[in-house]
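Written out below as structure tokens is the structure these notes cover.
Each chain gets a letter, A, B and so on, in the order the sequences are listed, and its residues count up from 1.
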2 protein chains.
Amino acid sequence: MIDKRSHILDAAEELFAEYGFEGTSVRELARKAKVNIAMISYYFGSKEQLMKVLIQNRAGAFREQIATLNKEQLTPMDKMDLLIEYWVERIFSNQQFHRVLNREISLQQRSAFNKTISDIMLGNFEEVKKLIIDGQKKRVFRKVDVELTIASLIGTISKVVQSSYLSCKILNVDPDKNSIFNEKHKNRLKLHLKDLMRAHLLIK
Amino acid sequence: MIDKRSHILDAAEELFAEYGFEGTSVRELARKAKVNIAMISYYFGSKEQLMKVLIQNRAGAFREQIATLNKEQLTPMDKMDLLIEYWVERIFSNQQFHRVLNREISLQQRSAFNKTISDIMLGNFEEVKKLIIDGQKKRVFRKVDVELTIASLIGTISKVVQSSYLSCKILNVDPDKNSIFNEKHKNRLKLHLKDLMRAHLLIK
DNA sequence: TAAAATTAATTAAACGTTTGTTTAATTTTA
DNA sequence: TAAAATTAAACAAACGTTTAATTAATTTTA
């Protein structure tokens with residue numbers, strides 16, 4: 001059965017997000033996925049390779065989404081609005097996985113995933129960069145620090161999804177009702193980022 | 001010798017930042033600190049309690065720094081500039097530790113540190129909130145989303161210090177010369193944040 | 001098509017390491 | 001000499017991985 005393989009991937013995503021890579025044992029993983037322990041080595045070779053597959057499966061597609069956006073006939077600000085829309089949607093629908101990525105990339109040496117993750121992120125980064133620089137060339141956007149502007153965008157989104165406990169406390173939300181929390185505050189975040197970028201980028 | 005205790009704390013900060021809490025063994029830790037393995041339990045009781053001491057030792061003082069700033073006779077924008085100055089300085093001089101905090105807070109359940117860290121962060125958060133709301137009351141600042149504005153501030157700084165590999169790639173910096181990297185890009189980050197907050201907050 | 005052969009999937013048990021912690025003996029300090 | 005600091009050794013538990021045996025599925029053969 002091939003779907004045991006994806007059962008493992010699903011369980012891994014959930015457990016790695018909750019307990020971290022090192023903090024998740026293959027036994028917990030196997031129990032959660034309802035498979036035998038040996039199936040992890042059987043399908044993926046090792047726990048580390050499982051993680052790499054997880055990363056490559058779940059990330060990467062975003063770059064194409066922005067590339068397509070860049071080719072469309074829209075004003076730079078409309079593109080920025082859509083970028084924010086896409087980006088928030090994507091991260092909110094993969095919150096757990098996004099936390100895994102952020103945690104692993106902050107491990108400098110040991111993590112075998114640092115380069116894997118960084119390269120994917122750099123790809124997305126370059127595409128967003130094109131969007132802003134195009135707006136500057138068209139004299140619609142100010143001459144802002146492009147790299148750090150992107151850092152502000154992704155940094156804000158990451159902060160919000162980083163710790164649900166902290167976020168709920170900050171945003172005054174009941175930590176239990178996660179679905180409502182998501183919809184309501186996804187829009188709040190989008191509005192804030194659009195407002196922030198409009199003030200920051202547009203020439204007055 | 002009491003300084004063996006701080007040797008352990010220093011080693012822990014470095015190793016936890018590099019390999020994570022779970023990824024660091026007490027044996028590595030003892031080797032790095034040049035003490036016997038048993039000294040960790042002797043001084044701290046357990047690896048977990050060592051982590052808690054680490055958190056409480058290194059964090060917390062920031063709140064008082066902002067509280068003092070809030071009491072001074074300055075324009076809201078000058079206060080914001082100083083806040084950015086302080087915040088960037090503090091995080092850049094404790095980059096490694098900041099990475100530890102961010103990683104552990106993103107672990108939901110297992111981490112016994114989540115609440116410890118969150119409470120400290122919430123304290124700082126409340127103080128920054130006062131600063132912005134005061135600026136709004138004085139009709140100098142726009143009616144922006146206060147909570148998410150703070151998320152943008154701290155989110156941007158966190159992103160930059162999160163992964164030195166990624167940051168260097170993005171900012172086009174040689175990853176080796178870390179000291180130069182720090183000074184040069186600390187100022188770049190400050191300038192960006194001041195510019196961003198000016199555009200975002202000030203009523204035109 | 002039925003039987004045989006082969007490959008793939010799955011399992012329980014055991015592998016050797018490594019984990020964090022503790023012990024009991026020894027050295028250092030005051 | 002009594003207390004504190006330090007050590008090497010051992011502890012049980014948990015770790016990721018491998019093994020060898022078994023069942024299920026697929027392919028080949030007659």
*Is B:Arg198 salt-bridged to B:Asp81, going by a charged N under 4.0 Å from an acidic O?*
yes
*asked:* Looking at A:Asn70 and A:Glu127, would you say the former's side chain and the latter's main chain have a donor-acceptor pair under 3.5 Å?
replied: yes
*The side chain of A:Tyr42 lies closest to which of these nucleotides: D:dT6, D:dG16, C:dA8?*
C:dA8
*Salt-bridged, A:Arg58 to A:Asp10, with N to O below 4.0 Å?*
yes
*Using purine N1 to pyrimidine N3 plus N6-O4 or O6-N4 for Watson-Crick, or N1-O2 and O6-N3 for G-U wobble, each under 3.5 Å, what pairs with C:dT29?*
D:dA2
*Establish, for the pair A:Lys115 and B:Tyr165, whether the NZ or CZ atom is under 6.0 angstrom from the six-membered ring centre and no further than 45 degrees off its axis.*
no
Give each protein N/O atom lying under 3.5 Å from an N/O atom of nucleotides 7-14 of chain D, with the pair distance.
from	atom 1	to	atom 2	distance (Å)
D:dT7	OP2	B:Asn36	N	3.2
D:dA8	OP2	B:Asn36	ND2	3.4
D:dA8	N7	B:Asn36	ND2	3.4

*When you measure from the centre of the six-membered ring of A:Phe21, is the NZ or CZ of A:Lys47 under 6.0 Å away and within 45° of the axis?*
yes
_Could you identify the nucleotide paired to C:dT19, looking across every strand shown and requiring Watson-Crick or G-U wobble geometry with both distances under 3.5 Å?_
D:dA12
*Starting at atom CZ of B:Phe44, determine the distance to atom P of D:dT6, rounded to an integer number of angstrom.*
12 Å
*Polar contact flag, side-chain donor to acceptor under 3.5 angstrom, B:Ser6-B:Asp3*: no
*Grab the CD-P distance between A:Glu28 and D:dT17 for me, whole Å please.*
15 Å
*Roughly how many Å is it from CZ in A:Arg31 to C1' in C:dT10, rounded to a whole number?*
19 Å
*Of the candidate nucleotides C:dT10, C:dT21, D:dA5, which contains the atom at the shortest distance from the side chain of B:Ser41?*
C:dT21
*asked:* Please report the distance, rounded to the nearest Å, between OH in A:Tyr43 and P in D:dT17.
replied: 17 Å
*Rounded to the nearest Å, what distance is computed from the CZ atom of residue B:Phe21 to the P atom of nucleotide C:dT19?*
13 Å
*asked:* Using whole Å, what does the distance between atom P of nucleotide D:dT6 and atom CZ of B:Arg5 come to?
replied: 13 Å
*Identify whether the distance between the nearest side-chain nitrogen and carboxylate oxygen of B:Glu147 and A:Arg188 falls below 4.0 Å.*
yes
*Atom CD of A:Gln49 and atom P of D:dT18: how far apart are they, to the nearest Å?*
10 Å
*To the nearest Å, how far apart are B:Ile8 CD1 and D:dA5 C1'?*
12 Å
